[in-house]
Amino acid sequence: MSGNRGIVSHGNNNFSNNAVGEHAQVTVTTPSRGTGTTANSGHTDEPTTVWDVGVVTILSEELRAVVDELGLRRYKEPNGLYFYRGQHTTPEVTVRIVATQSQSQGQRSTMAALENLRRHYEPRMWALVGVGGGIHDEHARIGNVIVATDVVYYENRKINPRGDVRRRGEHRQAPAPVVHAMNAFFADHGTPACIDDQLSQHASKEFEVYPGVIGSGEAVIADRESEIRSYLTNYHEKVLAVDMEAGGLSQYWQENSVHGGINPGWIVIRGVSDNADAEKGHGHHDLAARNAAHVLRRLLPYLC
């Protein structure tokens, strides 16, 4: 019979879980995911909590819209990261949601925000929700919402002599269950789906929701004659809007698809805040963000 001699430590360098002496024993547990403390009350969730949807936003207006629409509450993890958590109940399902805001615009910061969500909560579905620039005069008017399960990343290119630039677009599609869910939503609500404007003073005013493709890169486009706009519309006639983050979302999902365990699906929901032209500005961010957040809420019973 062998004895347990010496010190048994949890491995976190503070010896808070340890036993000393012969026959000493210690029970080592792994910290649970998603057990962050609330910034208001300090309560924690049970270790078995399952999170259905992880939402990434970029701008403060986008985060506020999601928090207000879904009734989320702010929580602070021990490492200092802030998340916004809650649940939304419909007649069909109760969905647990966690949202976060990236540190900055762009693909890289988005991928970091996704990694934070995965590391702390492992949501079953990722949603990128907020504003985008419309590049389709009919479907992508200001206030309308584009729901995308296809992303075209336009930044890869070859630069030849004499200024000959050849772009090499990457086209990625969300997993089949997400595409089926989006199709079911539009089958029930029509294409376009017509929904009451979330900031209008007139109850009869509506905005339209279209399925479409998002063009994504690192450029803020404010020129109707932009070469990027021409490239995207020629690459795929259903590219309706542009952003700076959806490429990072689709890339992150693809690279994590080789790992075991949960690899959630993804969807992009963009409210049109401008037409990617000289009139581009911040004046319609709140409207576009709140319309996008409302569409997310409408989509939850289909996605989960």
Colleague: Ignoring hydrogens and geometry beyond distance, is a side-chain donor-acceptor pair present between Asp188 and Tyr302 at under 3.5 Å?
Modeller: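 Result is yes, a qualifying pair exists.
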
Colleague: Measure across Val131 and Ala288 and return the closest heavy-atom pair with its distance rounded to 0.1 Å.
Modeller: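 In this case the closest contact between Val131 and Ala288 is CG1-CB, 3.7 Å.
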
Colleague: Given Ser216 and Gln107, is the side chain to side chain donor-acceptor pair (under 3.5 Å) satisfied, shown in steps?
Modeller: CA-CA 9 Å; Ser216 191; Gln107 318 291 342; 3.0 Å; yes

Colleague: Roughly how far, to the nearest 0.5 Å, is OG1 of Thr57 from CG of Leu128?
Modeller: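 One finds 9.0 Å between CG of Leu128 and OG1 of Thr57.
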
Colleague: How close do Thr90 and Pro301 get, heavy atom to heavy atom, and via which atoms?
Modeller: CG2-CG, 3.9 Å

Colleague: How about His180: does its NE2 atom have over 12 heavy atoms from other parts shown lying under 6.0 Å from it?
Modeller: no

Colleague: Answer yes if the side chains of Glu245 and Ser102 hold a donor-acceptor pair under 3.5 Å, and no otherwise.
Modeller: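 There is no such pair between these side chains.
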
Colleague: Does a donor on one side chain and an acceptor on the other come within less than 3.5 Å for Glu208 and Tyr210?
Modeller: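 Checked: Glu208/Tyr210 side chains pair up, N/O donor to acceptor below 3.5 Å.
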
Colleague: Quick check: does any side chain N or O of Glu69 sit under 3.5 Å from a backbone N or O of Val66, one acting as donor and the other as acceptor?
Modeller: no

Colleague: Ignoring hydrogens and geometry, is there a side-chain-to-backbone donor-acceptor pair from His136 to His139 under 3.5 Å?
Modeller: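 The answer is yes, because a donor-acceptor pair under 3.5 Å joins these two groups.
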
Colleague: Please report the interatomic distance OG1(Thr149) to CD1(Ile267), rounded to the nearest 0.5 Å.
Modeller: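 Going from OG1 on Thr149 over to CD1 on Ile267, the span is 6.5 Å.
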
Colleague: Below 4.0 angstrom, N of the basic side chain to O of the carboxylate: do Glu227 and Arg229 qualify?
Modeller: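 Looking at Glu227 and Arg229, the cut-off is not met.
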
Colleague: Is there a side-chain contact between Tyr121 and Asp52 (heavy atoms, below 4.5 Å)?
Modeller: no

Colleague: Can His171 and Asp150 be counted as having a side-chain donor-acceptor contact under 3.5 angstrom?
Modeller: yes

Colleague: Drop me the distance from Ile228's CD1 to Arg157's CZ, to the nearest 0.5 angstrom.
Modeller: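 Between atom CD1 of Ile228 and atom CZ of Arg157 there are 7.5 Å.
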
Colleague: Do Tyr252 and Glu115 pair up side chain to side chain, a donor and an acceptor below 3.5 Å, judged on atom types alone?
Modeller: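 Checked: Tyr252/Glu115 side chains pair up, N/O donor to acceptor below 3.5 Å.
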
Colleague: Could you pull out the closest heavy-atom pair between Leu63 and Ala99, with the gap in Å?
Modeller: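 Result for this residue pair: CD1-CB, 4.3 Å.
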
Colleague: Using a 4.5 Å cut-off on heavy atoms from C-beta on, say whether the side chain of Val55 contacts that of Val98.
Modeller: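 Not touching, per the 4.5 Å side-chain cut-off.
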
Colleague: What closest approach, in Å, do Val56 and Ala113 show between heavy atoms, and which atom pair accounts for it?
Modeller: CG1-CB, 4.2 Å

Colleague: Do Phe186 and Ile195 share a hydrophobic cluster (ILVMFWY, side-chain heavy atoms under 4.5 Å, transitive)?
Modeller: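 They do share one cluster, since a chain of ILVMFWY contacts under 4.5 Å joins Phe186 to Ile195.
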
Colleague: Between Thr233 (side chain) and Ser230 (backbone), is there a donor-acceptor pair under 3.5 Å?
Modeller: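 Here the side-chain-to-backbone pair exists.
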
Colleague: With side chain to side chain contact (heavy atoms under 4.5 Å, CB included) as the criterion, how do Tyr82 and Thr100 come out once you've worked through the C-alpha distance, each side chain's angles and the decisive distance to 0.1 Å?
Modeller: CA-CA 7 Å; Tyr82 283 91; Thr100 190; over 6 Å; no

Colleague: Is the shortest heavy-atom distance from the side chain of Trp51 to the side chain of Arg124 under 4.5 Å?
Modeller: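 Side chain of Trp51 against side chain of Arg124, heavy atoms only: no contact under 4.5 Å found.
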
Colleague: Does NZ or CZ of Arg85 come closer than 6.0 Å to the centre of the six-membered ring of Tyr75, within 45° of the ring's axis?
Modeller: yes

Colleague: Between Arg270 and Asn291, does the side chain to side chain contact (heavy atoms under 4.5 Å, CB included) criterion hold? Intermediate values first, please.
Modeller: CA-CA 9 Å; Arg270 288 304 194 197; Asn291 286 354; over 6 Å; no

Colleague: Could you walk me through whether Asp274 and His284 pass side chain to side chain contact (heavy atoms under 4.5 Å, CB included), step by step?
Modeller: CA-CA 7 Å; Asp274 60 76; His284 300 291; over 6 Å; no

Colleague: What's the spacing between Trp126 CH2 and Asn256 CG if we round to 0.5 Å?
Modeller: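 Answer for the CH2-CG pair, Trp126 versus Asn256, is 5.5 Å.
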
Colleague: With clusters defined by side-chain heavy atoms of hydrophobic residues (ILVMFWY) lying less than 4.5 Å apart, directly or transitively, does Leu249 cluster with Val239?
Modeller: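 No, Val239 and Leu249 fall in different hydrophobic clusters.
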
Colleague: Which heavy atom of Val95 sits nearest a heavy atom of Cys304, and at what distance?
Modeller: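 So the minimum-distance heavy-atom pair works out to CG1-SG, 3.7 Å.
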
Colleague: Kindly indicate whether the side chain of Lys280, heavy atoms from C-beta on, has any atom under 4.5 Å from the side chain of Asn275.
Modeller: no

Colleague: With side chains defined as the heavy atoms from C-beta onward, is the minimum distance between Trp266 and Pro175 less than 4.5 Å?
Modeller: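 Of all side-chain heavy-atom pairs linking Pro175 with Trp266, at least one is under 4.5 Å.
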
Colleague: Could you please spell out the steps behind the side chain to side chain contact (heavy atoms under 4.5 Å, CB included) verdict for Val53 and Leu300?
Modeller: CA-CA 9 Å; Val53 179; Leu300 288 177; 3.9 Å; yes

Colleague: Can you label the angle between the His120 ring and the Phe83 ring as parallel, tilted or perpendicular, going by 30° and 60°?
Modeller: tilted

Colleague: Do any pairs count as a salt bridge (charged side-chain N to carboxylate O under 4.0 Å, His left out) and have a residue in residues 282-292, sequence neighbours left out, and if so which ones?
Modeller: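 Salt bridge (charged side-chain N to carboxylate O under 4.0 Å, His left out) check on residues 282-292 returns Asp68-Arg290, Asp286-Arg290.
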
Colleague: Quick one: do Tyr84 and Val129 end up in the same hydrophobic cluster if we chain Ile, Leu, Val, Met, Phe, Trp and Tyr together by side-chain heavy atoms under 4.5 Å apart?
Modeller: yes

Colleague: Tell me, do Val147 and Leu299 make a side-chain contact under 4.5 Å, heavy atoms counted?
Modeller: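 A side-chain contact under 4.5 Å exists here.
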
Colleague: Supply the atom-to-atom distance Gln103 CD to Asn116 CG, rounded to the nearest 0.5 angstrom.
Modeller: 8.0 Å

Colleague: If you group Ile, Leu, Val, Met, Phe, Trp and Tyr by side-chain heavy-atom gaps below 4.5 Å, do Val295 and Leu303 land in one group?
Modeller: yes

Colleague: Crowded around Glu279 CD? As in, over 12 foreign heavy atoms under 6.0 Å?
Modeller: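 No, the 6.0 Å shell around CD holds no more than 12 heavy atoms from other groups.
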
Colleague: Distance check, rounded to the nearest 0.5 Å: Ile146 atom CD1 versus Asp243 atom CG?
Modeller: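 Atom-to-atom, Ile146:CD1 and Asp243:CG are 11.5 Å apart.
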
Colleague: Hey, is CZ on Arg141 packed in by over 12 heavy atoms from elsewhere, all under 6.0 Å?
Modeller: yes

Colleague: Is Lys205 close to Asp196 at the side-chain level, that is, under 4.5 Å between some pair of heavy atoms?
Modeller: no

Colleague: Do the ring planes of Tyr235 and Tyr231 sit parallel (below 30°), tilted (30 to 60°) or perpendicular (above 60°)?
Modeller: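 Aromatic pair Tyr235/Tyr231 classed tilted.
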
Colleague: Between Glu170 and Arg172, is the closest basic N to carboxylate O distance under 4.0 Å?
Modeller: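 Yes, this pair counts.
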
Colleague: Give the minimum heavy-atom separation between Ala276 and Val242, together with the two atoms involved.
Modeller: CB-CG2, 4.4 Å

Colleague: Quick one: salt bridge (charged side-chain N to carboxylate O under 4.0 Å, His left out) partners of Arg166, sequence neighbours excluded?
Modeller: Asp164

Colleague: Keeping the roles fixed (side chain from Ser109, backbone from Ser104), state whether a donor-acceptor pair exists under 3.5 Å.
Modeller: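 Checking the backbone N and O of Ser104 against the side chain of Ser109, a donor-acceptor pair under 3.5 Å is found.
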
Colleague: For residues Glu237 and Val213, determine if any side-chain heavy atom of one lies less than 4.5 Å from a side-chain heavy atom of the other.
Modeller: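 Glu237 vs Val213: side chains apart.
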
Colleague: Please assess Arg64 against Glu62 for the test salt bridge (charged side-chain N to carboxylate O under 4.0 Å, His left out), listing each intermediate value before the final yes or no.
Modeller: CA-CA 5 Å; Arg64 284 199 302 268; Glu62 298 170 347; over 6 Å; no

Colleague: Are Val268 and Leu114 co-members of a hydrophobic cluster defined by side-chain heavy atoms under 4.5 Å apart?
Modeller: yes

Colleague: Sequence neighbours left out, what passes salt bridge (charged side-chain N to carboxylate O under 4.0 Å, His left out) with Glu218? Give chain and number order.
Modeller: none

